[in-house]
Chemist: 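Have a look at the structure that comes next, please.
Below, all heavy atoms of this structure are taken into account, side chains as well, without hydrogens, waters or symmetry copies.
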Amino acid sequence: MPDLRIGILDQSPIPEGLTAGDALHNSIDLARLADGLGYTRYWVAEHHGTQGLACNSPEALIGPIAAATSRLRVGSGGVMLPHYSPLKVAETFSMLSGLFPGRIDLGIGRAAGTTPQVAFALQRDRRQAAPDDFREQLDELLKYLGNRTQFRFASPEIWLLGSSQDSAIWAAELGLPYCFADFINPNGAQLMRYYRGQCASPRSAVASWAICAETDRLSLSFRMMMTMLFRGRSIQVPTVERAQRFLEEEKLLPQQVPVGRRIITGTPGRVREAIEAVARDYEAEEVLIVNILHDHAARRRSYELIAKEFGMDN
């Protein structure tokens, strides 16, 4: 697939033994590397109340990353709109677009990105449960960003993110670019086909989980982390050695966890083949690669190998 574009979705993992600040600096370092390697896009995710992921506020990290790079499109993957005022999101990303014209993406998500308890704590009004009015919030946000009198800066590029049917329907109705989270739900190809069939001018991407290395052992850290999360315990990213001991003691085969997730691992050729297969399945023009490793140097190396295999660093 010679025209396939490759980007990065960064969840800012916190390795065991390091701080959340270290993880954020690692994200900036990885973005600099990606900028030089020829990746097209660098999105940062939003998570709350977790021990293992550092970025609570994508808009706070986008500016430093955009300032440290020169070619990448930088954005959110995504902003969880139900937590926020659409006006405030529009203002924030309009400012970022003013600072970095033509380089800012606003990826919008619906998921809480946290536990129900933390989601409730994020609410401004806690007298009752927040209404399920995401579509109304989205319409309001688009109205603000389309108002050139009120918002003097150029608008960010707006993407709708999702892993379920509703997001595909809304992206098609509104004519928005759409990114499907295959790393959360690997059964979304049919939803993407619906979107592409219903949208007048479809633009599609898929976010896929992939590690490129000579050994599959690097994925063990993530497998232990997700196993613990499914058991209700949030942890920092463990070392490979600790994760291997845990999986052996629990008598869990690595390929069994996490249940229901697609994890691509292997050598450069094998990873490229799998990434291209996912892109074909989703009919996507772009793949955003996400992964979680304990060793930042190994994470850098994984993206270097993928860039070389796809000919990005030539």
Side-chain angles (χ1 to χ4, degrees), residues 5-15 18-48 50-80 93 96 100 103-109 111 113-114 156-157 159 161 163 179-184 205-212 218-219 221-222 225-226 236-237 263-264 271 275 286-307 312:
R5 298 187 299 277
I6 308 293
I8 294 174
L9 171 59
D10 182 9
Q11 295 181 315
S12 301
I14 307 173
L18 298 183
T19 68
D22 294 328
L24 296 178
H25 283 291
N26 284 345
S27 288
I28 296 172
D29 177 70
L30 183 60
R32 286 196 192 97
L33 177 69
D35 195 47
L37 290 174
Y39 284 89
T40 59
R41 207 179 297 272
Y42 198 100
W43 285 357
V44 290
E46 175 182 338
H47 294 90
H48 302 275
T50 174
Q51 295 297 311
L53 304 175
C55 186
N56 311 132
S57 176
E59 63 272 22
L61 188 54
I62 287 169
I65 287 176
T69 57
S70 59
R71 297 188 298 175
L72 284 170
R73 293 197 66 92
V74 185
S76 56
V79 165
M80 300 298 107
F93 277 80
L96 288 167
F100 307 100
R103 294 183 56 209
I104 300 299
D105 295 335
L106 170 54
I108 294 294
T114 185
E157 186 171 276
W159 285 72
L161 318 181
S163 59
C179 181
F180 192 89
D182 179 84
F183 68 98
I184 295 174
V206 57
S208 185
W209 209 97
I211 293 176
C212 191
L218 293 180
S219 70
S221 298
F222 172 71
M225 186 180 179
M226 290 302 294
Q236 291 185 330
V237 185
I263 296 181
I264 296 170
V271 167
I275 289 172
E286 185 166 357
V287 175
L288 292 164
I289 298 170
V290 56
N291 60 40
I292 290 176
L293 289 83
H294 178 270
D295 183 4
H296 181 62
R299 196 159 177 249
R300 284 176 53 99
R301 182 58 177 159
S302 174
Y303 283 111
E304 287 174 341
L305 292 171
I306 291 171
M312 287 187 283

Chemist: Should the pair D295-R301 be classified as a salt bridge under the 4.0 Å nitrogen-to-oxygen rule?
Modeler: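 The answer is no: the pair does not qualify as a salt bridge.
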Chemist: Can you check whether P13 reaches M225 side chain to side chain, under 4.5 Å on heavy atoms?
Modeler: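 P13 does not reach M225 side chain to side chain.
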Chemist: Only counting residues at least two apart or in another chain, list the ones meeting side-chain contact (heavy atoms from CB on, under 4.5 Å) with R32.
Modeler: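 I28, A68.
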Chemist: What closest approach, in Å, do F93 and S76 show between heavy atoms, and which atom pair accounts for it?
Modeler: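 Closest approach of F93 to S76: CZ-OG, 3.8 Å.
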Chemist: Would you please name every residue forming a ring pair (Phe, Tyr, Trp, His ring centres under 6.0 Å) with Y303, sequence neighbours left out?
Modeler: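 Partners of Y303 by the ring pair (Phe, Tyr, Trp, His ring centres under 6.0 Å) criterion, ordered by chain and then number, come out as Y39.
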Chemist: If you measure from CG on L33 to CD1 on I8, what distance do you get to the nearest 0.5 Å?
Modeler: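 If we round to the nearest 0.5 Å, L33:CG and I8:CD1 are 7.5 Å apart.
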Chemist: Could you tell me the separation between the CD1 atom of I275 and the CG atom of D182, rounded to the nearest 0.5 Å?
Modeler: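 Reported value, rounded in 0.5 Å steps: 11.0 Å.
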Chemist: Do you know which two heavy atoms are closest between G38 and R71, and how far apart they sit?
Modeler: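 The pair with the smallest heavy-atom distance is N-NH2, 3.7 Å.
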Chemist: Give me the atom names and distance for the closest heavy-atom approach of G75 to I62.
Modeler: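 Closest approach of G75 to I62: C-CD1, 3.5 Å.
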Chemist: Grab the two heavy atoms, one from P58 and one from A45, that are nearest each other, plus how far apart they are.
Modeler: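 It is CG-O, 3.8 Å.
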Chemist: Starting at OG of S219, measure out to CD1 of I263 and round the result to the nearest 0.5 Å.
Modeler: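 Taking OG in S219 and CD1 in I263, the distance rounds to 6.0 Å.
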Chemist: Does H296 NE2 have over 12 foreign heavy atoms under 6.0 Å away?
Modeler: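 It does: H296 NE2 has more than 12 such atoms within range.
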Chemist: Applying side-chain contact (heavy atoms from CB on, under 4.5 Å), name anything that partners A20, two or more places apart in sequence or on another chain.
Modeler: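 A20 satisfies side-chain contact (heavy atoms from CB on, under 4.5 Å) with I14, A54 once adjacent residues are dropped.
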Chemist: Out of curiosity, D10 CG to N291 CG, how far, rounded to the nearest 0.5 Å?
Modeler: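 Nearest 0.5 Å value for the CG-CG distance: 8.5 Å.
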Chemist: Applying side-chain contact (heavy atoms from CB on, under 4.5 Å), can you list everything that pairs with T40, at least two apart in sequence or on another chain?
Modeler: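 For T40, the residues satisfying side-chain contact (heavy atoms from CB on, under 4.5 Å) (neighbours in sequence not counted) are R5, E286.
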Chemist: Using the side chain to side chain contact (heavy atoms under 4.5 Å, CB included) definition, which of the options V237, I211, I292 pairs with F222?
Modeler: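 Going through the options one by one, the only one that passes is I292.
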Chemist: Judged by atom type as modelled, is there a donor-acceptor pair below 3.5 Å linking the side chain of N26 to the main-chain atoms of A23?
Modeler: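 Checked: no pair found.
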Chemist: Carefully, step by step, assess D105 and W43 under the rule side-chain hydrogen bond (donor to acceptor under 3.5 Å, both in side chains).
Modeler: CA-CA 8 Å; D105 295 335; W43 285 357; 3.0 Å; yes
Chemist: Return the set of residues passing side chain to side chain donor-acceptor pair (under 3.5 Å) with N56 (not counting sequence neighbours), or none when no residue passes.
Modeler: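 Per chain and number, N56 pairs via side chain to side chain donor-acceptor pair (under 3.5 Å) with no residue.
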Chemist: With sequence neighbours left out, write down each residue that passes side-chain contact (heavy atoms from CB on, under 4.5 Å) with T50, or none if nothing qualifies.
Modeler: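 In terms of side-chain contact (heavy atoms from CB on, under 4.5 Å), with neighbours along the sequence ignored, T50 is linked to H47, L53, S234.
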Chemist: Where do L305 and C212 come nearest, in terms of heavy atoms and distance?
Modeler: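 Closest heavy-atom pair between L305 and C212: CB-SG, 3.6 Å.
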Chemist: State whether the side chain of R103 and the backbone N or O of R73 hold a donor-acceptor pair below 3.5 Å, judged by distance alone.
Modeler: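 Not at all, since once roles are kept as given, no pair shorter than 3.5 Å links the two residues.
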Chemist: Once rounded to the nearest 0.5 Å, what's the spacing between atom OG of S208 and atom CD1 of I264?
Modeler: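 Going from OG on S208 over to CD1 on I264, the span is 3.5 Å.
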Chemist: First locate atom CD1 of I65, then atom CG of D35, and finally report the distance between them rounded to the nearest 0.5 Å.
Modeler: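 Between atom CD1 of I65 and atom CG of D35 there are 11.0 Å.
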Chemist: Taking all non-hydrogen atoms of both residues, which atom of Q236 and which atom of P15 are closest, and how far apart?
Modeler: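 So the two residues come closest at OE1-O, 3.7 Å.
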